[in-house]
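To keep things clear, I will list the structure first and then write my remarks on it.
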Amino acid sequence: MTLRLYDTAHSELRPFEPREPGVVRMYNCGPTVYSSPHIGNFRSFLTADLLRRHLEARGMNVVQVMNITDVGHLTEDDLDDSGEDRMLIAARREKLDPYAIARKYESEFLAAVDALHMRRAQEYPRATDHIPEMIEIIQGLVANGHAYVVGGNVYYSIASFPRFGKLSGKVIEELEEGARIAVNPEKRDPRDFALWKTDDKHLMQWDSPWGRGFPGWHIECSAMSRKYLGDQFDVHTGGEDNLFPHHECEVAQSEAFTEKVPFVGTWLHTRHLLVDEKKMAKSLGNFLTIEQLLGEGWTGHEIRLALLRVHYRMPMNFSRTGLGESRAFLTRIQECRARLLRIAHGQEAAGTDDATIVLRDAESAFGEALDDDLNIAKALAVLSGLVSDVNAMQPSVESAQNALALFRRLEDWCGCVGDEPDVAAEVGGVLWGGKPDDPRRQSLLDKTAEREAARKSKDFQAADRLRDEITAEGFKIVDTPRGPRLEPL
RNA sequence: GGCGGCGUAGCCAAGUGGCUAAGGCAACGGAUUGCAAAUCCGUCAUCCCCGGUUCGAAUCCGGGCGCCGCCUCCA
């Protein structure tokens with residue numbers, strides 16, 4: 001089975017074939033860095049990360065580019081009473097200049113990327129570093145008749161591009177009806193969109209053939225994808241809201257400029273998530289950031305899994321309950337792997353069961369699930385079945401090692417399996433499952449030995465009291481035929 | 001007004017014409033344990049409603065109801 005992806009442009013599942021065999025060029029619509037990235041942004045970014053990992057697991061070489069939008073995109077509607085855009089408002093609110101704001105939130109974004117175990121893209125181009133590339137395309141569009149200049153402004157002419165609306169399935173004639181854009185008399189058609197604008201009040205300005213101004217809202221992606229991936233590339237991802245007008249405009253700009261079709265092979269759009277059944281909004285107080293969740297004590301893997309475990313095209317509700325379920329899922333895998341490690345290290349009796357077939361079938365089913373339009377829910381079910389199968393076995397040392405290797409491969413494949421637990425250390429008949437350098441290690445081991453002695457003399461009251469003390473230190477004590485084991489709670 | 005998506009057990013969620021409707025969490029019964037934890041075994045749904053097509057539908061068609069998204073900066 002080969003990978004099939006749902007391509008928005010065709011509204012159907014299609015076999016995925018990169019233009020150049022073995023190499024996938026992918027562009028992801030990235031964050032706008034004038035505020036903290038929120039978990040909704042990351043559902044989209046994580047979908048891209050999962051696709052990248054799966055392609056790499058399938059032996060592809062993936063060139064991934066994610067833009068950093070650091071230009072406040074100004075439209076007529078963006079303007080508030082004082083004529084400022086959002087970047088400006090943020091700058092004033094935080095008493096920083098707009099570049100400083102952008103850098104601050106860019107760092108925050110990248111920190112979250114790492115925290116969620118996402119692979120770093122090869123490039124994170126900033127819009128403000130690519131003004132000349134944008135100007136080049138705008139000039140080309142003016143020259144070939146797809147754009148026109150009015151004063152210091154340049155507009156894209158929808159009428160010049162008959163395919164406009166094809167990607168999103170919009171009927172252009174009907175767009176007008178619902179449009180809430182104020183009529184701009186400069187435009188030949190109200191649906192034309194800006195490529196370059198002049199506005200004295202805009203803080204970020206650059207020289208251009210049309211005077212000092214700033215780029216329109218869609219041109220950066222056309223310019224930066226072209227620079228790093230070429231005129232045509234394989235995958236373009238984004239949130240569902242990007243479909244129209246943003247991606248539609250990108251297609252119009254890029255295809256009209258390069259005269260190469262198609263601009264993008266596969267369009268992938270991630271659905272918005274809801275938080276506690278409602279759309280996430282600052283006004284509702286349900287606006288969640290990665291930083292915030294990490295602060296609540298959730299791990300990167302838990303957050304990642306909670307955001308990724310529902311198929312990317314399905315509506316998804318994000319909640320603390322969901323995070324808790326993710327934690328339980330990961331803990332179950334950890335327990336399984338810890339036992340395998342003990343067997344592999346001779347700390348627990350090995351059996352004679354051969355896991356070869358179970359492991360092979362699980363790995364194969366896991367890959368097939370992801371081949372099916374990144375069906376992560378199905379893949380996680382396979383993973384869960386693997387845990388059950390392995391738990392029911394008495395594996396040989398070799399099978400335990402092979403199973404451990406498979407878990408590591410699957411973590412590499414989807415990032416939702418978690419890290420391998422620390423190898424327990426045997427100290428004086430007690431298995432220590434905590435960090436090797438935990439300062440409390442000796443005192444906890446002593447206390448465990450003391451409890452063991454109490455148990456042997458049937459003084460269970462004393463034994464339970466000692467266990468409570470150990471629990472209070474954040475460790476649980478597990479009795480096994482080979483002796484007690486200490487594990488972090 | 002236009003376009004689109006979703007509705008499966010207490011919760012999350014697979015399954016797009018056909019053996020007994022995956023899997024996880026929770027719950028319950030049992031094994032194991034000094035008691036626990038973990039683990040194992042077992043129990044737990046006829047698929048929003050109505051009508052139709054079919055030998056046969058959660059799966060296809062029509063009509064409802066409900067929730068959501070895009071059409072405007074937004075992942």
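Naming convention: chains lettered A, B, ... in sequence-line order (proteins, then strands); numbering from 1 in each chain.
For A:F244, the listed nucleotide lying nearest its side chain is B:C70; candidates were B:G23, B:C70, B:U39. The A:A392 side chain lies nearest to B:C40 when the options are B:C40, B:G5, B:G24.
Across all strands shown, nothing is found opposite B:A21 as a Watson-Crick or G-U wobble partner with both distances under 3.5 Å. As the counterpart of B:U54, no nucleotide is assigned, since no Watson-Crick or G-U wobble pattern has both distances under 3.5 Å. Under the Watson-Crick or G-U wobble criterion, with both distances below 3.5 Å, B:G69 is paired with B:C3. The partner of B:A31 is B:U39, by the rule that a Watson-Crick or G-U pair needs both atom distances under 3.5 Å.
Relative orientation of the A:W413 and A:H54 rings is parallel, given thresholds of 30° and 60° on the angle between their planes.
With rounding to the nearest 0.5 Å, the separation of CD in A:E469 from CG in A:L466 is 5.5 Å. Between A:E450 atom CD and A:K447 atom NZ the span is 8.0 Å, to the nearest 0.5 Å. To the nearest 0.5 Å, atoms OH (A:Y156) and CG (A:D192) are separated by 9.5 Å. Taking CG of A:L294 as the start and CG of A:L116 as the end, the distance is 7.0 Å to the nearest 0.5 Å. Here the CH2-CG distance, from A:W298 to A:L293, works out to 8.5 Å after rounding to the nearest 0.5 Å. A:L307 CG to A:M316 CE: the interatomic distance, rounded to the nearest 0.5 Å, is 5.0 Å.
Nearer to the 5' terminus of RNA chain B, by closest-nucleotide assignment, is the contact made by A:L380 (compared with the other of A:T32 and A:L380). Position along RNA chain B of the nearest nucleotide to A:G30 versus A:E335 favours A:E335 as the more 5'-ward residue.
Within the 4.5 Å cutoff, the side chain of A:E220 has heavy atoms near those of the A:N67 side chain. Residues A:R4 and A:D372 are in side-chain contact: their nearest non-hydrogen atoms beyond the backbone lie under 4.5 Å apart.
Near-neighbour residues of RNA chain B inside residues 460-467 of chain A, defined by a heavy atom below 4.0 Å, number-ordered: A:F460, A:D464, A:R467.
Here A:R332 lies in heavy-atom contact (under 4.0 Å) with sugar-phosphate atoms only. Within 4.0 Å (heavy atoms only), A:G385 reaches no atom of the nucleic acid at all.
Under a 4.0 Å N-O distance rule, the pair A:R327/A:E296 does not qualify as a salt bridge.
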Take nucleotides 8-16 of chain B nucleotide by nucleotide from the 5' end and write B, S or -, depending on whether a protein heavy atom sits under 4.0 Å from the base, only from the sugar-phosphate, or from neither.
---BSSSS-
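For A:I477 and B:G34, the CD1 to P distance is 14 Å, given to the nearest whole Å.
Side-chain atoms of A:R451 and base atoms of B:G34 include a donor and an acceptor less than 3.5 Å apart. A donor-acceptor contact under 3.5 angstrom links the side-chain atoms of A:R455 to the base of B:G34. Checked by distance alone, A:D479 brings a side-chain donor or acceptor within 3.5 Å of a matching partner on the base of B:C35.
Residue A:S388 places at least one side-chain N or O closer than 4.0 Å to OP1 or OP2 of B:G24.
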